There are 2 protein chains.
Amino acid sequence: MSDLLERLRGRGWRLTAQRRVVAEVLDGEHVHYTADEVHALAAARLPEISRATVYNTLGELVSLGEVTEVSTDGRAKRYDPNAHHAHQHLICGRCGTIRDVHPSGNPLADLPAEERFGFAVSEVEVTYRGLCPDCAAA
Amino acid sequence: MSDLLERLRGRGWRLTAQRRVVAEVLDGEHVHYTADEVHALAAARLPEISRATVYNTLGELVSLGEVTEVSTDGRAKRYDPNAHHAHQHLICGRCGTIRDVHPSGNPLADLPAEERFGFAVSEVEVTYRGLCPDCAAA
DNA sequence: TTCTTGATTTAGACATCGTCCAAAGTGAAA
DNA sequence: TTTCACTTTGGACGATGTCTAAATCAAGAA
């Protein structure tokens, strides 16, 4: 079984068939599914799982820090299970495909105090946009 | 009249009362309204303006490069008329307030070729997140 | 000025994404 | 095995945004 389920159990998660299936769907290195995709894949294994449960479970995984939400401009949010390895995203503006990338540099350090307006800045998100090879060719 | 309307007319825009009002609402330095806020403010001056027109007009302004869309995680998109001055955003995770910021550094240069996966990368968007002074105090 | 015409606006239906709720079901502690 | 708080369910609901066909209008032509 995945480390993920172990960690979740350790945090007092009640382990239901539904949660197990959602976690299994998200198990992978470069997975960026939408909630509905997760639901479809989960339903392939557990046909009666409801949309609400998928949304609930994804929300919990995000709260627990096990999964990151990626908002891609108006489209449905995508869920990235690769939350334990710092990375940023490269998104195709045409088809919405997402790749994980690892830029150098430290953008947090690039924001001087006088540009923080008293905010307690806690994170930076860097999103690269462009066209993926397939869309560029088409 | 604003430069904006001049530029738009120069590009063959038909100047209607509705478009004028939307452009006026967006006239300002650090404005980040949602489409519905723009609609409400526009309707204060031109009561019969429709939502569809506001959406159409905002979409056109974005296409023309006069206004930038800012997606703030699931909430409604916001529209930033400050498109002619490169800048990034600092967003309060609690209340959604947006500030324009100007970090140093060049994140585009921070993405090595082997991390581009054949994409034609054209832009980078850096979003700082945290709590604004009001929300931090509350 | 008036006419003409293609661009623009409108209201409201529709689509998508996500949230909420009350009722029914269930994991797991005792 | 029993119990009960935690989960799930489905369907209504809400927010945001898109689309369409018919009515309207800006602005160039006459």
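In what follows, chains carry the letters A, B, and so on, assigned in the order in which the sequence lines appear, proteins first and then strands, with residues in each chain numbered from 1. Please read these numbers as outputs of a predicted model, since none were measured by experiment.
- Distances shown here put a side-chain N or O of Arg19(A) below 4.0 Å from the OP1 or OP2 atom of dT8(D).
- Within 4.0 Å of Thr16(B), counting heavy atoms only, lie sugar-phosphate atoms of the nucleic acid but no base atom.
- A salt bridge does not link Glu115(B) to Arg99(A): none of the charged side-chain nitrogens sits closer than 4.0 Å to a carboxylate oxygen.
- Listed pair Gln18(A) / dT26(C) fails the phosphate criterion, with no side-chain N or O lying under 4.0 Å from OP1 or OP2.
- Here dA7(C) presents its P atom at 8 Å from CZ of Arg14(B), a figure rounded to the nearest Å.
- Using a 4.0 Å heavy-atom criterion, one finds that Ala52(B) contacts the bases of the nucleic acid, with or without backbone contacts as well.
- Between Tyr55(B) and the phosphate of dT18(D), there is no side-chain N or O to OP1/OP2 separation shorter than 4.0 Å.
- Between the His87(A) side chain and the His85(A) main chain, a donor and an acceptor come within less than 3.5 Å of each other.
- Note: CD (Glu69(B)) to C1' (dT16(D)) measures 12 Å, nearest angstrom.
- The CG-P distance, from Leu8(B) to dA26(D), rounds to 17 Å in whole Å.
- Here the rule is side chain to side chain contact (heavy atoms under 4.5 Å, CB included) with His32(A), and of Thr68(A), Asn82(A), Leu26(A), Asp80(A) only Asp80(A) fits it.
- If you take CZ of Arg20(B) and P of dA27(D), they are 8 Å apart, rounded to a whole angstrom.
- If you take CG of Leu58(B) and P of dG17(D), they are 10 Å apart, rounded to a whole angstrom.
- Atom pair Glu37(B):CD and dA15(D):P shows a separation of 14 Å (rounding to whole Å applied).
- The backbone N or O of Thr34(B) lies less than 3.5 Å from a partner atom in the side chain of Glu37(B), making a donor-acceptor pair.
- Atom CG in Asn56(B) sits roughly 10 Å away from atom P in dT10(C) (whole-Å rounding).
- Of the possible polar contacts, one joining the Arg11(A) side chain to the Leu64(A) backbone as a donor-acceptor pair under 3.5 Å is found.
- Taking 4.0 angstrom as the limit, Arg9(B) places none of its side-chain polar atoms (N or O) nearer than this to OP1 or OP2 of dA26(D).
- Nearest-nucleotide assignment on DNA chain D puts the 5′-proximal partner with Arg75(B), out of Arg75(B) and Ala17(B).
- Annotation: proximity of residues 43-51 of chain B to DNA chain C (heavy atom, distance under 4.0 Å) is found for Glu48(B), Ile49(B), Ser50(B), numbered in ascending order.
- Across the protein-nucleic acid pair, His39(B) atom NE2 and dA11(C) atom P stand 8 Å apart, rounded to whole Å.
- Between Glu69(B) and Lys77(B) there is a salt bridge, with a side-chain nitrogen of the basic residue lying less than 4.0 Å from a carboxylate oxygen of the acidic one.
- A side-chain donor-acceptor contact under 3.5 Å links His84(A) and Glu66(A).
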